[in-house]
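The following block contains the structure, expressed as structure tokens.
Quick note: numbers below take in every heavy atom, side chains included, and nothing from hydrogens, waters or symmetry partners.
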Amino acid sequence: MVEELTGNIGKQTETWFQESLEYERDLRQRMDLRFRFALGDQWDAADITKLNEEGRPHVTINKIRPVLKIITGYQRQNQMDIKALPVEASDFPITDVLNQLLKAIMKPSGTMTLSLKFADGLICGKGWGYAYLDTNRNPYDLIGDIVYKHISPFHVFPDPYSLEPDLSDARYVIRYLKYHPTELKRLYPKADLGISVQAAIAETTAEVPMRYKGYQSDPYGKALMDNAGEASTKDDRLAVLECWYRKYEQEKFIYNRETGEFFPSRLLDDQLDALVGQVPALTVIKRIIPKVYVAAVLNGIELEDHESPIEGNIYPLVPFYCDFTPSARSHELRFQGVVESLIDPQKEINKRRAQMLHIVNTAANSGWIIERGALQDKRILEQFGSKPGIVIEVEAGRKIEKIEPSNVPRAYTDLELMSSGNIKEISGINADMTGEYEKTASGIAIQSRQKQGITSIQDVFDNFNYAKERVGLLLLKAIQSFYTPQKLMRIIGPNHQIQQKYKVPMEAIVAALSTKDLSQYDVAIDEGLASPTYRMARFQQLLQLAQLMPGIIPPAILIEASDIDGKDELLAQLGDQEGQGVGQEPPNGGAQNPALNQAIQQNAEAIGAGAM
């Protein structure tokens, strides 16, 4: 081993956790503020107390949430699948099988996970996802299923000095978890939990029951001792830090100078020397390579520590940095979302609306001017002065006069309109994206303006697309690390139409998936069509092209692009027809085969139903 960590991994994890917590404290407090404003909690407690004492109202007119809903709605409507693309023609069978596997992983909840991750990034600047092997979903499946799930950004503590969005320069990434003691025994059966749990309980206090007092801040960056509501909530769970970190170790490789091939070796040095002496074409190369390890730590005590089950020097946690400016001086400026720049305009709107409401509320009982002795009991005015139709008897020769209430200043309404415009201008969301367009505007003009609005936040979607590519790469590594050939065959099926399409045995394709450098030379991770809107548009384009230029679009491509039920059966039927020579172009040059006609008809009906 080349690099030794300072002390044991338990203490090192504690040190890293405190480092990340302290460095990101201001950022986490700011992230919490961004979430509060997005969800409608937009008044400071001190301001509310002061307004209540003065009898003034405090109202919230949440202009931020509709902006977020528009952007997240656009992302959901235009959802793109994670796709594997071939680097060369011979890689098509591999990518087709890999896309089936990626779809099987993402189908249960992966799409929702990505949307939640996107929403977190929009609000607070960071969104996180986590890939792991779930062995509880199907107890009769001894291998388990790969799952990708959403994680709260407040429960992830990355290396604060990392500036790469792929975490390639991060020394560590820590997940903050809470478990009951009984759960710990089930999750870490080999650990000496008796000592660990007793030590953790001993480190708790009466003010913060069953919480390790070493974590004086919760994941939101607030001191627990100062948070009465949090401290009074009984929580008998214990904090566990799941630390993913890199170690640099020396590896030995045997290199064949004649063929250019090399492979790792675990032979001892004397054994390697003997081998090289027998085969002069071989040579031994020693190289320092990074490896990812994972440790679970409770109260500074190691529960487990081993090499990551996912090979490839990759962390199982993938971030999405919404508005990322790595050159910024402070952490809270480096990671921002859409909400950050809308906080001050939102405050202005709320305070001005509260002032306007106060003026309106006080107009009905603005007060009275009375001469001394005009009333026998002035409490009548105090209690009933604002009552409609009240009759007041005054002394002869005396008079009373109602104080004219102040009208809402015109400047207030002007500022109100200006502030609403500021929200749209700052966020980059124009009126056309909200559906507020002129009735006389053409559809093309509206579409152009909506596209222009999205352009102003294109960097956000570019960052999200990059995060999805990293998710695809992580899932590819997880498939290679977790799934056996038998598991892969069970998911895909031995008689899959890919086998018929490429005339390659499925076993050979599955075997090729285990190639270590698959993601470097054979497969590229990108995005593909996912939403019905995109799929229908693509099918319509292909269909029009097929009608304009008969024979240029193969029937299988049209069927594959459709959303009809039983698509696989149609493709299999088409493959059988082509194998029998039935699928040749008919003499009239334009007629399609029955399978294609069925696909076109069903997909056209689906498009028509969607338009309705």
Give a yes-or-no answer on whether the side chains of Tyr132 and Asp145 include a donor-acceptor pair shorter than 3.5 Å. no

Among Phe464, Phe335, Phe461, find the residue that satisfies the ring pair (Phe, Tyr, Trp, His ring centres under 6.0 Å) test when tested with Phe320. Phe464

Would you call Asp159-Arg171 a salt bridge at under 4.0 Å N-O? yes

Does atom CZ of Phe262 have more than 12 heavy-atom neighbours from other groups under 6.0 Å away? no

Measure across Asp166 and Ser168 and return the closest heavy-atom pair with its distance rounded to 0.1 Å.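 Between these two residues, the closest heavy atoms are OD1-OG, 2.9 Å.
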
Taking the six-membered ring of Phe154 as reference, does the cationic atom of Arg28 (NZ for Lys, CZ for Arg) lie under 6.0 Å from its centre and within 45° of its axis? no

Pair Glu14 + Lys11: basic N to acidic O under 4.0 Å: no

Any residue meeting ring-ring contact (aromatic ring centres under 6.0 Å, His included) with Tyr23, in chain and number order, not counting sequence neighbours: Tyr161, His331

Salt bridge or not between Lys291 and Glu249? Use side-chain N to carboxylate O under 4.0 Å. yes

Evaluate Phe35 against Phe37 for ring-ring contact (aromatic ring centres under 6.0 Å, His included), listing each step before the verdict. CA-CA 5 Å; Phe35 263 101; Phe37 265 78; over 10 Å; no

Cys322 and side-chain contact (heavy atoms from CB on, under 4.5 Å): which single residue from Leu122, Asp459, Asp120 fits?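 The single option meeting the side-chain contact (heavy atoms from CB on, under 4.5 Å) with Cys322 is Leu122.
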
Have Asp462 and Gln458 got a donor and an acceptor in their side chains that come within less than 3.5 Å? yes

Any side-chain heavy-atom pair of Val240 and Lys178 under 4.5 Å: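 Side chain of Val240 against side chain of Lys178, heavy atoms only: no contact under 4.5 Å found.
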
Taken to the nearest 0.5 Å, the spacing of His155 NE2 from Phe157 CZ works out to 7.5 Å

Centre of Tyr315's six-membered ring, under 6.0 Å away, within 45 degrees of the axis: is that where NZ or CZ of Arg246 sits? yes

Ion pair check, Glu527 and Lys468, cut-off under 4.0 Å: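 Here Glu527 pairs with Lys468 in a salt bridge, since their nearest N and O are under 4.0 Å apart.
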
With a 6.0 Å cut-off (strictly less than), is the heavy-atom count around NZ of Lys252, excluding the residue itself, greater than 12?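 Count over threshold, so yes.
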
In plain terms, say whether Asp323 and Lys126 are close enough for a salt bridge, that is, a side-chain N and a carboxylate O under 4.0 Å apart.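 A salt bridge is absent here (no side-chain N lies under 4.0 Å from a carboxylate O).
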
Under a 4.0 Å N-O cut-off, is there an ion pair linking Asp141 with Arg490? no

Charged N-O contact under 4.0 Å between Lys247 and Glu307: no

Basic-acidic side-chain contact under 4.0 Å: Glu311, Lys516: yes

